[in-house]
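I have placed the structure first, in the form of structure tokens, so that the comments after it can refer back to it.
Everything quoted here is computed from the prediction, not taken from an experiment. Just so we're on the same page: letters track the sequence lines, and every chain starts at 1.
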Amino acid sequence: MENQRLAEIFNKIADALEFKGENKFKIIAYRKAAQVLSNLTSDIYDYYKENKLEDIPGIGEGIAKKIKEYFEKGKVSKLEEVTKDIPDGILDLLNIPSLGPKTLYLAYKELGVKNLEDLERVINDGSLAKLPQMGEKKVENIKNGIEIFKKAQERMPLGKAYLIVNEIINELKDMKEVKLIEPAGSFRRMKETVGDIDILVMSEEPEKVMERFVNLKIVERVLAKGDTKSSIITNQKIQVDLRVIKKESWGAALQYFTGSKAHNIKLRGIAKNLGYKINEYGIFKDDKYICGSDEKEVYEKLGLQYIPPELREDLGEIELALKNNLPEIVDYANFPGDLHIHSNYSDGSNSIEEIVKEAIKYNYKFVAIADHSRSAKYAGGLSIDELIKRNKEIDEIQKKYPNIKILKAMEVDILGDGSLDYPDEILKQLDIVIAAIHTGLKKEPEKRILKAMENPYVKIIAHPTGRLISSRESYSIDLEKIFKKAAERNIALEINSYYDRLDLNDYNCRKAREYNVKMAIGTDSHNVESMWQIKLGIGVTRRAWLSKKDIYNFQIL
DNA sequence: GCCGTTTTCGGCCCGACTGTTTTCAGTCG
């Protein structure tokens with residue numbers, strides 16, 4: 001599928017045009033097309049074949065022509081045209097905070113800056129500071145920006161950001177000046193990674209709140225400090241923006257700063273058509289304040305059903321909300337249970353009873369104890385005897401805790417030939433068999449998974465792509481084949497909610513939903529302190545528009 | 001470059017903060 005490749009091409013064109021100072025709306029149009037392409041669940045080639053490229057919103061005559069060229073000639077000549085007089089790699093420098101296209105272009109034109117080394121040279125020899133509109137402080141900011149650029153090339157996984165957000169909120173929420181505090185941005189939308197963290201505070205006394213914020217223990221550097229906005233870099237090298245909002249603007253600000261950008265731009269268009277203006281302060285008609293204190297009210301005023309943050313990506317949610325027809329996604333509260341937890345029988349650190357007690361705190365109806373199978377020596381995989389002993393212990397504990405169902409599960413290795421790590425007569429004693437690849441990730445993973453799915457006892461395939469957000473690409477598998485088989489065999493695919501996995505991800509879950517595949521949510525916890533990560537998995541289901549009927553956890557009891 | 005029950009041309013979201021200026025440009029979200 002060429003969707004991503006084309007998205008990259010259009011983003012690159014946008015970068016080049018921005019560098020050259022082209023019409024900014026043209027740049028927006030290319031970026032919009034790139035965004036649409038990277039989120040498209042169906043193959044762009046099919047649209048091309050059926051001559052329906054222009055049916056896709058955001059793709060018009062010009063970009064359709066370029067996509068056609070790509071499929072017919074294997075290239076987009078516009079990309080070559082706009083990049084031919086730009087040195088290789090200079091566009092990457094646009095990702096340096098505080099260095100924008102105007103300054104970069106000037107440095108290139110006047111000082112011959114072509115790469116990061118050149119940039120550092122003109123900073124150090126003082127020539128950059130002598131350019132028009134430049135000065136010592138601007139150069140200092142760019143210098144700091146380079147440091148951030150080098151260290152924080154990657155976005156932070158959502159699960160890590162969670163801990164930082166919790167810490168900041170805990171530090172600020174008890175101030176008497178703080179009426180409400182709430183995270184916004186991609187964090188609130190539960191994107192799997194975040195580039196920075198946005199936090200909103202309702203207060204009438206911004207000075208005190210800002211003062212406290214920029215002096216928190218985790219602050220490494222203060223980038224800006226004002227009455228409405230302050231920005232800091234934490235000791236973990238992530239930027240946190242804090243905004244202080246007045247009561248009458250709270251809902252509008254929450255809406256505005258939650259984004260996504262594409263979602264907000266479309267909302268603005270709707271507001272405009274209704275004769276309103278919408279910004280972070282509220283909805284206005286001829287500069288007269290209409291509403292803004294409540295986020296739901298903001299959507300209602302625009303004739304829209306309230307759209308949950310996780311859906312706000314401009315992937316069709318606005319059109320559905322206009323018709324009051326959004327999918328019924330599931331709540332974070334009252335989730336029925338966790339399908340993937342390791343006990344100290346294998347490599348977990350807590351006993352089965354400790355896990356059960358913790359699960360009760362979550363109000364779960366069930367919890368699945370899923371230890372590693374015998375081949376997983378590195379992870380204390382259970383021999384058949386150990387497995388039988390463990391199951392007996394589960395029976396005993398079950399008697400003590402009648403209000404929660406303890407499921408006898410196992411995360412069973414898919415071996416090199418696609419067979420499972422226990423014989424069928426053992427597998428059939430389990431409530432849930434979760435099959436997974438842990439070794440030989442490059443050894444025909446697709447074939448092995450498909451073979452494992454033939455086994456009559458397999459209920460779930462764990463972490464189907466094997467990717468790790470911070471360190472590993474997915475196995476090379478054709479997920480569509482897995483989806484078809486899963487639907488046919490009624491096997492659920494996991495949303496592994498461990499923060500560095502989130503596998504399947506939102507995009508693939510949306511795709512799986514088209515095949516009527518059920519998803520199984522489990523945290524893969526190895527200690528009870530990790531069980532909160534079920535939130536991350538639920539977030540994925542919400543971003544993928546899944547309803548209860550799409551989620552295996554709701555169909556177990 | 002996209003888009004249209006105002007439009008096939010002329011719009012396209014808009015405000016905060018910083019730094020370099022002395023009324024504004026650049027960057028960011």
Base, sugar-phosphate, or nothing: which does A:Tyr30 touch, judged by heavy atoms less than 4.0 Å apart?
sugar-phosphate
Table of protein N/O atoms under 3.5 Å from nucleotides 14-17 of chain B N/O atoms:
residue: B:dG15; atom: OP1; partner: A:Lys277; partner atom: NZ; Å: 3.4
residue: B:dA16; atom: OP1; partner: A:Tyr281; partner atom: OH; Å: 2.6
residue: B:dA16; atom: O3'; partner: A:Thr228; partner atom: OG1; Å: 2.6
residue: B:dC17; atom: OP1; partner: A:Asp227; partner atom: N; Å: 3.4
residue: B:dC17; atom: OP1; partner: A:Thr228; partner atom: N; Å: 2.9
residue: B:dC17; atom: OP1; partner: A:Thr228; partner atom: OG1; Å: 2.6
residue: B:dC17; atom: OP1; partner: A:Lys229; partner atom: N; Å: 3.0

Just compare B:dC12, B:dG29, B:dC13 and give me whichever is closest to any side-chain atom of A:Asp196.
B:dG29
In whole angstroms, the gap separating P of B:dC2 from CD of A:Gln35 amounts to 15 Å
Considering every strand and a 4.0 Å limit on heavy-atom distances, what is the contact class for A:Ile59: base, sugar-phosphate, or nothing?
sugar-phosphate
Could you run down nucleotides 19-27 of chain B 5' to 3' and tag each one B, S or - for protein heavy-atom contact under 4.0 Å?
SS----SSS
Going by atom types only, do A:Tyr48 and A:Glu72 share a side-chain donor-acceptor pair under 3.5 Å?
yes
Whole-Å distance between B:dC2 P and A:Asp55 CG?
14 Å
Taking the P atom of each, how far is B:dT5 from B:dG1, in whole Å?
23 Å
Could you measure between the two P atoms, the one in B:dG26 and the one in B:dT20, and give it in whole Å?
13 Å
Between A:Asn95 (CG) and B:dG29 (P), how many Å, whole number?
11 Å
Phosphate OP1/OP2 of B:dG1: any A:Lys65 side-chain N/O under 4.0 Å
no
Provide the distance between the two P atoms, one in B:dC14 and one in B:dC9, to the nearest whole Å.
25 Å
Can you label the angle between the A:Phe71 ring and the A:Tyr45 ring as parallel, tilted or perpendicular, going by 30° and 60°?
perpendicular
Would you kindly compare A:Gly60 and A:Asp241 by the position of their nearest DNA chain B nucleotide and give the one closer to the 5′ end?
A:Gly60
A cation-pi test, strictly: NZ or CZ of A:Lys296 under 6.0 Å from the centre of the six-membered ring of A:Tyr306 and no more than 45 degrees from its axis. Yes or no?
yes
Whole-Å distance, A:Leu322 CG to B:dT5 P, equals 13 Å
Does the plane of the ring in A:Tyr108 sit parallel, tilted or perpendicular to the ring in A:Phe19? Use 30° and 60° as the thresholds.
tilted
Rounded to the nearest angstrom, tell me the gap between atom CD1 in A:Ile199 and atom C1' in B:dG29.
16 Å
Atom-pair distance (CD1 on A:Ile67; C1' on B:dG1), nearest Å
12 Å
Say we look at B:dT8 and B:dC2: how far apart would their C1' atoms be, to the nearest angstrom?
12 Å
Determine the interatomic distance between C1' on B:dG11 and the same-named atom on B:dT21; round to the nearest Å.
31 Å
Mind checking the C1' distance from B:dT18 to B:dG4? Whole angstroms is fine.
39 Å
Need one value for A:Lys266: base, sugar-phosphate or nothing, where a base atom within 4.0 Å counts as base even if backbone is also close, heavy atoms only.
nothing
Counting only Watson-Crick pairs (N1-N3 plus N6-O4 or O6-N4) and G-U wobbles (N1-O2, O6-N3), all under 3.5 Å, who is the partner of B:dT8?
none
What is the distance, to the nearest angstrom, from the CG atom on A:Leu254 to the P atom on B:dG29?
19 Å
Electrostatic pair A:Glu280:A:Arg268 at N-O distance under 4.0 angstrom
no
Tell me: NZ of A:Lys26 to P of B:dC3, nearest whole Å?
16 Å
Can A:Lys535 be said to sit on top of A:Tyr332's aromatic six-ring, NZ or CZ under 6.0 Å from centre and within 45° of the ring axis?
no
Do the side-chain N and O atoms of A:Gln533 and A:Ser525 include a donor-acceptor pair separated by under 3.5 angstrom?
no
Salt bridge (Lys or Arg N to Asp or Glu O under 4.0 Å) between A:Glu205 and A:Lys208, worked out
CA-CA 6 Å; A:Glu205 293 174 86; A:Lys208 287 183 182 156; 3.4 Å; yes
Residue A:Glu50 excluded, over 12 heavy atoms near CD under 6.0 Å:
yes
Using a heavy-atom cut-off of under 4.0 Å over every strand shown, decide if A:Gly58 touches base, sugar-phosphate, or nothing.
sugar-phosphate
Pairing of A:Lys49 and A:Asp46 as salt bridge, 4.0 angstrom limit:
yes
Can you check the distance between B:dC24 and B:dG10, where both ends of the measurement are the P atom (answer in whole Å)?
27 Å
B:dC12 versus B:dT6 - spacing of their P atoms, nearest Å:
16 Å
Name all pairs fulfilling the side-chain hydrogen bond (donor to acceptor under 3.5 Å, both in side chains) condition that reach into residues 80-91 of chain A, sequence neighbours left out, sorted by first residue then second.
A:Lys20-A:Asp85
